[in-house]
Amino acid sequence: MEIDKAIRECDDRRLKTKYNNAIYVIKRALALYPVQEVALSFNGGKDSTVLLHLLRAGCFLHQAEEFSSGGDAADGGKTFPIRTIYFESPSAFPEINSFTYEAASIYDIQMDIIRLDFKSGLEALLKANPIRAIFLGVRIGDPTAVGQEQFSPSSPGWPPFMRVNPILDWSYRDVWAFLLVSKVRYCSLYDQGYTSIGSIHDTVPNALLCTRNSDISEEKFKPAYLLADGRLERAGRAKKNSSAVCGKLSSTSNGLKMENLNSGSMLTASIITVGDEILFGTVEDKLGSVLCKKLHSIGWAVSRVTVTRNDIDSVAEEVERQQSRDDMVFIYGGIGPLHSDVTVAGVAKAFGVRMAPDEEFEEHLRHLIGEKCSGDKNEMALLPEGITELLHHEQLPVPLIKCHNVIILTATNAVELDRQWDCLIELAKSNGILELMDPFVSKCFATTLSDVEVAQPLSKLCAQFPDLYIGGYRESREGPLIITFEGKDLSRIEAASQSLCQKFHPGAFSKIK
Ligand SMILES: Cc1cc2nc3c(=O)[nH]c(=O)nc-3n(C[C@H](O)[C@H](O)[C@H](O)COP(=O)(O)O)c2cc1C
Ligand SMILES: Nc1ncnc2c1ncn2[C@@H]1O[C@H](COP(=O)(O)OP(=O)(O)OP(=O)(O)O)[C@@H](O)[C@H]1O
Ligand SMILES: [Mg+2]
C-alpha cells in the first residue's frame, strides 16, 4: 500500500509515531464497528485529505490482518470501503468542491452529497443508514476540538454516533509532513496561501504567507506548508463572535427594562453556576445570591442567574448566550483538574478558540501545588488561547481568569468569594476591568393589604417611576406582602414610596428596610 510504504520508508520519526497512533485508532474503530456502520466526513480540506489517506491505509492493513486470520481477501486498497459524506454548501470554494469530487473519482469513493446543515444532514443519514461511528479530521488546534478525545460521542442535542478523531493530536506541521511525504494531491488553494479553509465569506489567504512584489505592487502568497508557526493557521479565517464581544445586544426584553432603570446607562451582568450537584439537588448554590448583592453594591443590574450542567456544550451554549446579552458574565463551579471541570473549556468553545498551554498560569499553579501539576497532562494550565487575561492581585494565590467579558471565579464558598471580589474591586479601581457605578439603594415596606388591593395602584406607580424597579414578594401566603423599591436615586425612591402610602389609609405600610 503506497501510503504505508512512503511513511515507513521516510526518516521523519515524529511523523511515523503520529501515523502509527492514527492507524491504531482507525484499526480500533474498525474492530469495534463493522465497516458498513462507519462513515468518513470528507470536505476536501487538508485535514480531511490526511484522514482519507490514513483510512485508505488503515482499511488496507485491517483487511490484510483479517485475511491472514482467515477472513476475506484484501483488495489492495483500490476501492475505498467506507461510506463518505460531504456536506456541500453554496458558499464553499469552487476549488474545494472540484477537489472533493476529483478525490471521489480517483480513489473510487462512494460519496453521499448532503445539502443540509450538519445536524439535519446527520439526522437524515442516520435514519437511512446503520451508521454508528463517523471519522473526522478534527485536530486539537481546532475550536471545535475543545473537550474531544479520539473517541467522543456526539454532543447532546446531536444525533447519536461516535465521533472518531484519529488525527486529534496532529499539529499543522504533522499534517503537511504527511501530505508531502506521501505525495498525495491536495486542494490547489493550499498552494495559494490558504492555510485553513472555511467558506468563501470567511476565508482569505493567510497574510503571514504574503510576499509583495514592490515593483508592480502585486500580492503573492507562498504555499501553506511554508507557514512557520502552525498556531497561526487560522489567521485567514474571520473570527466567530467577533461582533458579540464588542458589547451586548440591545434588543432583549430584559435589557430594555434594565436600560430604563438609569436613563440608558445601566450595566448588566449575568451569573452562571456550573454544577451537576446543584441540578441533582444534592447541594445548594449559595454564591449566586452573594454575587448578586455584590454586583448591586457597585451599581450593576443582574439580569439572570443560571445553573448549568458540567458539560462543555452546555457551558459553551450558556456563555455564548449570556456574553452577547450582558456587559459582563461571571461564571464559577467546574474549575480544576477533574473530569467534570469543564468550565474553562466551555468558555473557550463559546468564543470559538482552542485551549492552549499558558506558561504564566502554569507557573502560578506550580507555586501553589508544587510539581504535582507539571508535565504534559497539566490540563489546569490550559486556557482559552488569545482571549485570556490573567488578573493578578497579591492577595490571590492564582490570578483570576478573564476572557473578553467573562470572568471566571474559582471561589467555592462565600469566604473565598469575598476575597476574590475584594481583589476584583481593587483591580477595577486601578485598571478599570470592571466599571464601578453608583450603588443601588433600596427600601422595603410590609403590608397586610391583599395583593388584589395593591395590584392596580402598584402598576400605575411603575409607569410613573420607570427609573425604579418596584417589586413585590411574599414569604408566605398568609403573611405580609413585601413591596420593594430599587434604584439609584434615593429621592426618587422616597417620592415613589410616599406616593404609594398616600393611596391607602395611614399605617397600611410599615418600613422594614
Ligand atoms: C460529521 C460531523 C459531526 C459533527 N458532530 C458534532 C457534534 O457532535 N457536536 C457539535 O457541537 N458539533 C458537531 N459538528 C459540527 C462541528 O463541530 C463544527 O461546528 C463544524 O465542523 C464547524 O464548521 P464551521 O466552522 O463551518 O461552523 C459535526 C460536524 C460534522 C461534519
Ligand atoms: N462540509 C463538510 N463536509 C464533510 N465534513 C466536514 C465538512 N466540514 C467539516 N467537516 C469535517 O470536519 C473536519 C474539520 O474541519 P476543518 O475545516 O477544521 O478541517 P479541514 O477542512 O479538513 O482542513 P482546513 O483546516 O484546512 O480547513 C474535517 O476534516 C471533516 O472531517
Ligand atoms: Mg475546513
Side-chain angles (χ1 to χ4, degrees), residues 38-55 82-93 95-97 99-100 103-104 109 111-126 131 133-148 151-168 170-172 175-176 178-179 186-187 189-190 193-203 205-206 224-225 227 230 233-241 311-317 320 346 349-350 352-354:
V38 300
L40 158 65
S41 194
F42 180 71
N43 69 339
K46 63 179 187 310
D47 307 326
S48 245
T49 306
V50 168
L51 181 61
L52 166 66
H53 293 289
L54 288 171
L55 276 170
I82 296 179
R83 175 186 292 279
T84 300
I85 52 171
Y86 172 42
F87 291 85
E88 190 175 312
S89 135
S91 56
F93 281 90
E95 291 89 341
I96 277 281
N97 250 339
F99 175 73
T100 304
I109 300 173
M111 198 161 74
D112 293 350
I113 310 294
I114 305 178
R115 293 191 177 89
L116 293 167
D117 62 90
F118 290 142
K119 225 185 219 178
S120 324
L122 290 167
E123 254 155 35
L125 178 81
L126 265 63
I131 301 294
I134 303 181
F135 287 101
L136 287 142
V138 170
R139 288 189 294 112
I140 208 74
D142 300 337
T144 57
V146 174
Q148 287 207 58
F151 287 80
S152 275
S154 52
S155 315
W158 283 71
F161 56 90
M162 183 62 79
R163 286 177 286 180
V164 185
N165 304 310
I167 59 165
L168 192 66
W170 286 42
S171 68
Y172 183 81
V175 164
W176 281 110
F178 178 88
L179 294 173
Y186 53 81
C187 175
L189 290 175
Y190 293 109
Y194 290 83
T195 51
S196 172
I197 302 172
S199 82
I200 48 170
H201 306 298
D202 70 6
T203 313
N206 192 323
Y225 59 81
L227 183 72
E233 73 168 286
R234 296 177 73 86
R237 300 281 291 269
K239 286 245 173 356
K240 193 186 162 207
N241 277 327
D311 160 80
I312 291 184
D313 291 300
S314 310
V315 173
E317 203 178 300
E320 191 170 354
K349 189 161 185 184
V353 301
R354 68 175 190 168

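Quick caveat: nothing in here was measured; it's all calculated off a predicted structure. Indexing begins at 1, ligand by ligand and atom by atom, following the structure's order.
- Taking any N or O of S155, backbone or side chain, at least one lies under 3.5 Å from an N or O belonging to ligand 1.
- The shortest heavy-atom contact between G147 and I312 is CA-CD1, 3.2 Å.
- Nearest protein heavy-atom neighbour of atom 7 (C) of ligand 2: N43 CB, 3.4 Å.
- Put simply, part of F118 is less than 4.0 Å from ligand 2, judged by heavy atoms.
- Numbered from 1 in the order shown, with element, the atoms of ligand 2 that lie under 4.0 Å from a heavy atom of Y190 read 23 (O), 24 (P), 26 (O), 27 (O).
- The single protein non-hydrogen atom nearest to atom 22 (O) of ligand 2 is S48 N, 2.8 Å, given as residue, atom name and distance.
- Distance from atom 23 (O) of ligand 2 to its nearest protein heavy atom, with residue and atom name: D47 OD2, 3.2 Å.
- Taking backbone and side-chain atoms together, G198 has no N/O/S atom less than 2.8 Å away from the Mg ion (ligand 3).
- In terms of protein heavy-atom proximity, atom 11 (C) of ligand 2 is nearest to L136 CD2, 3.6 Å.
- In this structure, Y190 has its ring center closer than 6.0 angstrom to the ring center of W176.
- Note: F99 and F42 have tilted aromatic rings, judged against thresholds of 30 and 60 degrees for the angle between ring planes.
- Below 30°, between 30° and 60°, or above 60°: for F178 and H53 the angle between ring planes is between 30° and 60°, a tilted geometry.
- The shortest N or O to N or O distance between R234 and ligand 2 is not below 3.5 Å.
- The proximity of L51 to ligand 2, defined as any non-hydrogen pair under 4.0 Å, does not occur for either the backbone or the side chain.
- Near G45, meaning under 4.0 Å from one of its heavy atoms, ligand 2 places the atoms 20 (P), 21 (O), 22 (O), 23 (O).
- Residue contact annotation: D142 has a non-hydrogen atom under 4.0 Å from ligand 2.
- The shortest contact between atom 3 (N) of ligand 2 and any protein heavy atom is with F87 N, 3.0 Å.
- Note: an N/O pair closer than 3.5 Å links G137 and ligand 2 by distance alone.
- Given atom 30 (C) of ligand 2, the protein heavy atom at minimum distance is S41 O, 3.2 Å.
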